[in-house]
Engineer: 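Take this structure first; my questions come after.
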Amino acid sequence: MYAFVGVLDRLKASFRRKLRFLMLIDFVAVTALFYGIFFYLDVENMVSRFAAGNLPFSAAELLIVVSVALSFVLTFLFHRGDKHRNIVPLIEKKNPVLHEKLRTAYDNREKKNPVMDSLSEEVNSSFTIVRSSALISKRGALLKLMFAFTLVFGSIFITINNEHVDPDTISEISKVVKTLSGAKEENSAADNESSDDFLTATDEFFGEGEGGIYGKPTIARLTGKKIDLLLYSGSGAGLELRSADDVSLYEFEQTPVYPADAVASGTSDDYVTIAAKSDSDKLIINRYVVEMSKQ
């Protein structure tokens with residue numbers, strides 16, 4: 001085994017210890033957050049009867065257990081990928097001198113040849129400037145620590161001073177929530193009614209069941225008082241309905257037939273006059289027409 005592999009394994013172990021420390025900070029911060037919220041909302045008073053009758057510990061201890069359980073689940077979900085994090089790209093990113101070299105050497109760590117011997121020595125000598133603490137953002141870790149301390153001290157302050165939310169505030173919030181829920185249900189019911197009315201009207205217009213889009217044809221019957229209906233056909237004889245009992249149908253009348261004679265149209269008098277001229281006159285007329293057309 002090449003020497004740089006042992007150094008890389010030690011860097012991995014140190015890096016994962018630091019990740020577990022950050023995970024512990026998150027666990028404490030989230031636990032303090034849940035417990036502070038539960039204490040401020042006076043959940044202990046709400047579950048005291050249930051805890052006294054069904055559990056071997058008090059309501060305060062129940063809140064601690066619930067807070068720890070919720071924090072454990074969330075922290076595990078948030079850090080579940082830590083053990084699979086590859087340290088090689090992080091080292092190359094923080095130390096450009098090892099860029100591509102460390103990755104190549106690590107991928108070929110099982111091979112024995114002069115090229116690998118030279119590359120492993122170069123990588124091993126460059127590991128002297130690599131620190132596992134440099135692989136984690138110091139700014140991110142500092143912000144996480146400050147946030148955790150704030151949550152812990154805030155939870156301690158609320159617990160020591162026995163701070164609880166005002167019951168009137170809770171009742172007002174409950175009223176607002178109920179009002180919003182009722183308004184939402186009314187709007188939903190109104191929308192459903194409107195939708196049902198629209199569907200009903202659509203079904204009545206287009207018809208239901210099989211067949212065309214207009215449904216089965218129906219006949220509308222006029223009942224009650226008799227009425228007069230006059231229809232104009234626009235031209236010619238038509239149907240005039242004056243009452244339900246008085247219906248008369250007019251017969252079509254034969255249009256008179258007139259004889260069609262073919263009459264030949266007369267010949268133009270000017271043409272006859274010109275045709276009767278002599279050749280010299282026709283030539284003069286032709287020239288005159290040509291000169292006139294040029295003007």
Engineer: For residues Val43 and Val65: do they belong to one hydrophobic cluster (side chain heavy atoms under 4.5 Å, members Ile, Leu, Val, Met, Phe, Trp, Tyr)?
Structural biologist: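 Different clusters: Val43 never reaches Val65 through Ile, Leu, Val, Met, Phe, Trp or Tyr contacts under 4.5 Å.
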
Engineer: What's the separation between atom CZ in Arg85 and atom CG in Leu90, rounded to the nearest 0.5 Å?
Structural biologist: 6.0 Å

Engineer: Minimum heavy-atom separation for Tyr35 to Ala60, with atom names?
Structural biologist: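 For Tyr35 and Ala60, the tightest heavy-atom pair comes out as CE1-O, 4.3 Å.
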
Engineer: Tell me whether Met23 is reachable from Val28 by hopping between hydrophobic residues (I, L, V, M, F, W, Y) whose side-chain heavy atoms are closer than 4.5 Å.
Structural biologist: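 Different clusters.
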
Engineer: Of all heavy-atom pairs between Ser132 and Leu11, which one has the smallest distance, and what is that distance?
Structural biologist: N-CD2, 4.0 Å

Engineer: Can you check whether Tyr2 reaches Leu119 side chain to side chain, under 4.5 Å on heavy atoms?
Structural biologist: no

Engineer: Has Ser14 got a side-chain atom pairing as donor or acceptor with Arg10's backbone, closer than 3.5 angstrom?
Structural biologist: no

Engineer: Is it true that, when you exclude Lys282 itself, more than 12 heavy atoms of the residues, nucleotides or ligands shown sit nearer than 6.0 Å to its NZ?
Structural biologist: yes

Engineer: Transitively linked via ILVMFWY side-chain contacts under 4.5 Å: Phe147 with Phe27?
Structural biologist: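 Phe147 and Phe27: one cluster.
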
Engineer: How many angstroms lie between atom CE of Met146 and atom CD1 of Ile25, to the nearest 0.5 angstrom?
Structural biologist: 12.5 Å

Engineer: Looking only at non-hydrogen atoms, find the nearest pair between Ala3 and Asn124 and report the distance.
Structural biologist: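 Smallest interatomic distance, heavy atoms only, reads CB-ND2, 3.6 Å.
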
Engineer: For a 4.5 angstrom cut-off between non-hydrogen side-chain atoms, does Leu24 reach Arg20?
Structural biologist: no

Engineer: Minimum heavy-atom separation for Ala105 to Val123, with atom names?
Structural biologist: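 Reported closest heavy-atom pair: CB-CG2, 4.1 Å.
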
Engineer: Just so I know, are the side chains of Val7 and Val130 near enough to count as touching, which here means a heavy-atom distance under 4.5 Å?
Structural biologist: no

Engineer: If every non-hydrogen atom of Ile87 is compared with every non-hydrogen atom of Leu8, which pair is closest and at what distance?
Structural biologist: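 So the minimum-distance heavy-atom pair works out to CG2-CD1, 4.0 Å.
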
Engineer: Cluster question for you: counting only ILVMFWY and a side-chain heavy-atom cut-off of under 4.5 Å, with indirect links fine, are Ile129 and Ile91 together?
Structural biologist: yes

Engineer: Got a second to check how far Phe157's CZ is from Asn162's CG, nearest 0.5 Å?
Structural biologist: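 That separation rounds to 11.5 Å.
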
Engineer: My understanding is that only residues two or more places apart in sequence, or in another chain, count here; which of them pass side-chain contact (heavy atoms from CB on, under 4.5 Å) with Arg139?
Structural biologist: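 So Arg139 forms a side-chain contact (heavy atoms from CB on, under 4.5 Å) with Ser137, Leu143.
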
Engineer: Any heavy-atom pair between the side chains of Leu102 and Asn95 that's under 4.5 Å?
Structural biologist: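 With C-beta onward as the side chain, the pair stays apart.
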
Engineer: Linking I/L/V/M/F/W/Y whenever any side-chain heavy atoms sit under 4.5 Å apart, do Ile64 and Leu41 land together?
Structural biologist: yes

Engineer: On the ring face of Tyr106, is Arg109 found with NZ or CZ under 6.0 Å from the centre and within 45° of the axis?
Structural biologist: yes

Engineer: Minimum heavy-atom separation for Leu22 and Ala141, please, with both atom names.
Structural biologist: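 It is CD2-CB, 4.0 Å.
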
Engineer: Taking atom CZ of Phe38 and atom CG of Leu33, what is their separation to the nearest 0.5 Å?
Structural biologist: 9.0 Å

Engineer: CG of Leu151 to CZ of Phe34: how many Å apart, nearest 0.5 Å?
Structural biologist: 11.0 Å

Engineer: I'd like to know if the side chain of Ser120 reaches the main chain of Asp117, judged simply by a donor and an acceptor atom lying under 3.5 Å from each other, with no hydrogens or angles considered.
Structural biologist: yes

Engineer: With rounding to the nearest 0.5 Å, note down the distance linking OG1 in Thr104 to NE2 in His99.
Structural biologist: 9.5 Å

Engineer: Keeping to residues at least two apart or across chains, list the salt bridge (charged side-chain N to carboxylate O under 4.0 Å, His left out) pairs with something in residues 22-38.
Structural biologist: Asp26-Lys144

Engineer: Without swapping roles, check the side chain of Thr159 against the backbone of Ser155 for a donor-acceptor pair under 3.5 Å.
Structural biologist: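 Yes.
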
Engineer: If you count heavy atoms of other groups shown closer than 6.0 angstrom to NZ of Lys111, is the number above 12?
Structural biologist: no

Engineer: Within a strict 4.5 Å, meaning less than it, do heavy atoms of the Lys94 and Leu135 side chains meet?
Structural biologist: yes

